[in-house]
Novice: 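The structure is given below, and queries will be raised subsequently.
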There are 2 protein chains.
Amino acid sequence: MPFSPQEYAERVSRTKALMKAQGLEVFLVFDPANMNYLTGYDGWSFYVPQLVVIALAEPEPIWIGRGIDANGALETTYLDSDNIYSYSDRYVQHDHRHPMDFVAHILRERELDNARIGLDMDSYYFSARGYEVLRRQLSHASFTDVTRLVSGLRSIKSPQELEYMRQAGQIMQRVMKVAVGHVEPGVRQCDAVGEIYRAQMRGTRECGGDYPAIVPMLPTGRGTSTAHLTWNDKPFVQGEATILELAAARYHYHCPMARTVFLGTPPQRLSSAAEIVAEGVQAALEAVRPGATCESIEAAWRAATAPKGLVKESRIGYSMGLNYPPDWGEHTMSLRPGDRSVLEPGMTFHLIPGIWMDDWGVEISESFVVTETGHELLAPFPRKLFVKP
Amino acid sequence: MPFSPQEYAERVSRTKALMKAQGLEVFLVFDPANMNYLTGYDGWSFYVPQLVVIALAEPEPIWIGRGIDANGALETTYLDSDNIYSYSDRYVQHDHRHPMDFVAHILRERELDNARIGLDMDSYYFSARGYEVLRRQLSHASFTDVTRLVSGLRSIKSPQELEYMRQAGQIMQRVMKVAVGHVEPGVRQCDAVGEIYRAQMRGTRECGGDYPAIVPMLPTGRGTSTAHLTWNDKPFVQGEATILELAAARYHYHCPMARTVFLGTPPQRLSSAAEIVAEGVQAALEAVRPGATCESIEAAWRAATAPKGLVKESRIGYSMGLNYPPDWGEHTMSLRPGDRSVLEPGMTFHLIPGIWMDDWGVEISESFVVTETGHELLAPFPRKLFVKP
C-alpha cells in the first residue's frame, strides 16, 4: 500500500475526532478519494454505488460495494474481510432494487442504522435517488451533510503525500515538454494527445504515472475562449493558439500544469496578456506563506494585473491533491475574494488564472506547496507563452 | 457537429413525446451523455453542476452551466445564445451558495418552475445536495425520477451512430493488438498502458480516437480475481495472467473489448475456462436476433457453459454506446435473468462474461450490434486466451 498502516490509522482517528465534534456517530463516505484516503481502496468501480462507513463504535472502517469488486477491496485495503460487504448483481442498475437497499440492510445488521449519520451529500457518486432510498430505508436515522469533512482533512499533506506530489511534478515537466513539442502545424490533435498520454503513463525511470482525474484539455483556435474543450482529429493550424491544461499523477496525487502555445507570430493582445498573467502568477506566489488567506493571494494577483487592464471574474486557483475523475480539485479552498481560509504548511494548490475572452484565451499555471516560509513549485517550467514561428 | 440538425431535432421531439406520455412538462437532464445526445454539448465540465432543460413549451433546449463553460456551449451546440445561461464563479464549491440556486432562478424567470418536472435522479452528476437545494427553491414543482427516459431512447442507434461505433471498432482492433504485444515479462505495466493510450488516441489514418469513459483496466497476477483494478509501475511477471479490458471511442461512442494474456504455460484451469468462455460467447451471439430477450441471451450462455462446470452469478453484458466517464454502459438493459427487454435492430451491447475466482480470472468479450437477422461484431478479434510462452 502507498502509505504506512499508521498513516491510515491517523486519518481515521482524525476523521472520528471531527465526527465527535459535530455530534455524528456514523459517517457514510461515498467520495472515491475519501474512500481511498481512509482505507486505501483503489479501483475503477465508482460507476456503481459503493462507500466506506466510519462509525465511532467500530475500530475499523467498513467497505460496502459490488460483489465483483470485493476481491479488489481485499487486495487494495488493510481491512479485515469481516468488514468487507458486497451486494449481488441483482441490485445493479435495476428499476426497483437499488444498492442503497443493501447498504441500509448492512447498517441495520451492524446496529448503525438508528444513529446521527453524516454524508458527503455533494459527492459525484452519491445520487439523489440513492439518498431517497437511504432516507426511506433508515427512517429513524438523522442525516447531516458533511461533504467537506474528509476533504478538509486532506488539504494538509503529509511528508509521504508531498513526496508523491513531487514525483508527479517530475513527470509533469516531461509531459509538458512532450506536449509543447507535438503542437505543430498539420499534426492531428489526437496524435499529439497520444504522445501526451504516453508521457503521462511512462513517467520517469523510477516512477510510473497514474491516470489523472481529468483527460488532457487542449482547446485550440477559437476554442481557447473557453476552458474545458478536449480534442478531435483535425490538425493544429499555423496562426492559432492552443492551450494545454494537463496533469501528471502518482497514486492519484496530482500535479496539474497549463501552458499556451502559439504557432506563428502571436497577436499583440495575446503576447501581452501572457506577460501580464506571468507577472500576476509571480505576484500571487510571492504572497504565499503560512498565515496568509486564500483571498489575499487573489488580491496580490489582482493588484499586479488589474492596473494593466487584465480583469478576471472567476477564481484564480484551488486546493488539489488526491483525487479521482472527474476533478483533481479538492472542492474546499478557492483563491478568490471572500475565501478567508488560512494557508498552512503542507497545503497544495493549483494557481490557474485562466483568461478566456470572446474568441481567444491564455492559460499559464503553477502547482505549489505552502512551505514554512513561502512556497515550493511542484514542477518548475518556463512560465511564458510558447511561440513556435 | 457530429450529427445533422435533423437528427438532434428528432431526438428532442422523441424525448418530448415520452415526457408527454408521462405527464411531464419539464425535464432536467443532468447526465452528460444525455446532454450531448440532445444538444451536442461536449466538454469536460461535468465536474461542476450543469444541465439541459427540455420543456414542452420551449422549441429549443436550454443549457445552464458555469460561466467559463458558456463559450464551450456556444462552440459545441446548435443552441441560440438566448438559450445558454451561465452562473458566476461565486456559486462554485461554496458552503452557502449552490449552482442549483441559480438554476431555480432561471426556471422561475422562464416560468418553468411551477411544473411537473422530470429528473435523471440516478445520474452521477446530480448530487443529493443539488436535489435538496432544488426542492427547497422550487416548492411548487412536483418531481419525478425518469433516470432512464433519454438513456432508453439512446439504446437504438441511428445509421450515423453505428458508423461511429464501427470506427471505434476499427480503432479497438489496433488497440488490442498493441496491448497484447506490450504485455511482456519485465515490461512495466505503466509503459504498456502508455502504448495502449497512444493507440486509443491515434486511431486510424481516417479517424482519430476520443477518450473512452473508463481508463485501461489491466488486473494482473492475483489481481485477475477482480474486475476493476488499474495499473502500477511494477513489471509483468512470467507465469502470470493479465486481463486487458479496454475500449476505443469516437465522438464518445464506444467499442469495448476484453482479452486475457498469459506469460508462459497457463495452468489447465485457466486454458479450459477460457475455452468454455469462448464457446459460451459464441452460443450467446448465436441467440442474438430481433425479438429475443436480454435474458434469453444469458440463458444461451448458461446452457453452453453450466454443463461444463462454469457458473457465473453476475450479468454477462449490458447495452452501451455514447457515454462519458465513469462508465460506457447505458444503465438500461442487462443480459441477465429477469431482464425481459426485447432486442431490436440497432441496439448495441458489450457481452462480457467475466470470470473472477478466488485468486484468478479470465475475460473474453465481444461488442455487437443487433441486426435485422442476427448480430454484427464491432471489432472481430481472435476470441481466445493469448499465450506468450
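First the proteins, then the strands, lettered A, B, ... as listed; each starts at 1. Since the model is a prediction, treat every value here as computed from it, not as a measurement.
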Novice: What's the spacing between D42(B) CG and T230(A) OG1 if we round to 0.5 Å?
Specialist: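 Result: 5.0 Å between the selected atoms.
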Novice: Do Q93(B) and R315(A) have side-chain N/O donor and acceptor atoms under 3.5 Å apart?
Specialist: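 Side chains of Q93(B) and R315(A): pair found under 3.5 Å.
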Novice: Quick one: closest heavy-atom pair of T226(B) and D69(A), and the distance?
Specialist: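 Looking at all heavy atoms of both residues, the shortest contact is OG1-CA, 3.8 Å.
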Novice: May I ask you to check whether Y197(B) and Q200(A) show a side-chain donor-acceptor distance below 3.5 Å?
Specialist: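 The answer is no; no qualifying pair exists.
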Novice: Work out which heavy atom in D233(B) is nearest to a heavy atom in R250(A); give both atom names and the distance.
Specialist: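 Answer, listing the atom of D233(B) first, then R250(A): OD2-NH1, 2.8 Å.
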Novice: Mark yes or no for whether W231(A), through its side chain, and Y211(B), through its backbone, hold a donor-acceptor pair below 3.5 Å.
Specialist: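 Side chain of W231(A) to backbone of Y211(B), a donor-acceptor pair under 3.5 Å: no, none is there.
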Novice: Test your reading of the model: is there a side-chain donor-acceptor pair from R202(A) to the backbone of A192(B), 3.5 Å cut-off?
Specialist: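 Such a contact is absent between R202(A) side chain and A192(B) backbone.
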Novice: State which residue, out of F46(A), F30(A), Y324(A), Y125(A), fulfils the ring pair (Phe, Tyr, Trp, His ring centres under 6.0 Å) condition with Y124(B).
Specialist: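 Exactly one pass, corresponding to Y125(A).
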Novice: Can you say whether S151(B) sits under 4.5 Å from chain A via the side chain, the backbone, both, or neither, judging by heavy atoms?
Specialist: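 Answer is neither: S151(B) stays 4.5 Å or more from chain A.
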Novice: For R188(A) and G208(B), work out which heavy atoms get closest and say how close.
Specialist: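 Answer, listing the atom of R188(A) first, then G208(B): NH1-N, 3.9 Å.
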Novice: Measure distances from M357(B) to the heavy atoms of chain A and classify the residue's part below 4.5 Å as side chain, backbone, both or neither.
Specialist: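 Looking at M357(B), just its backbone touches chain A.
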Novice: Pick one of side chain, backbone, both or neither for D120(B), based on which atoms fall under 4.5 Å of a heavy atom in chain A.
Specialist: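 Contact with chain A involves no heavy atom of D120(B) at all.
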Novice: With a 6.0 Å cut-off on ring centres, are H331(B) and Y47(A) close enough?
Specialist: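 Centroid separation for H331(B) and Y47(A): 6.0 Å or greater.
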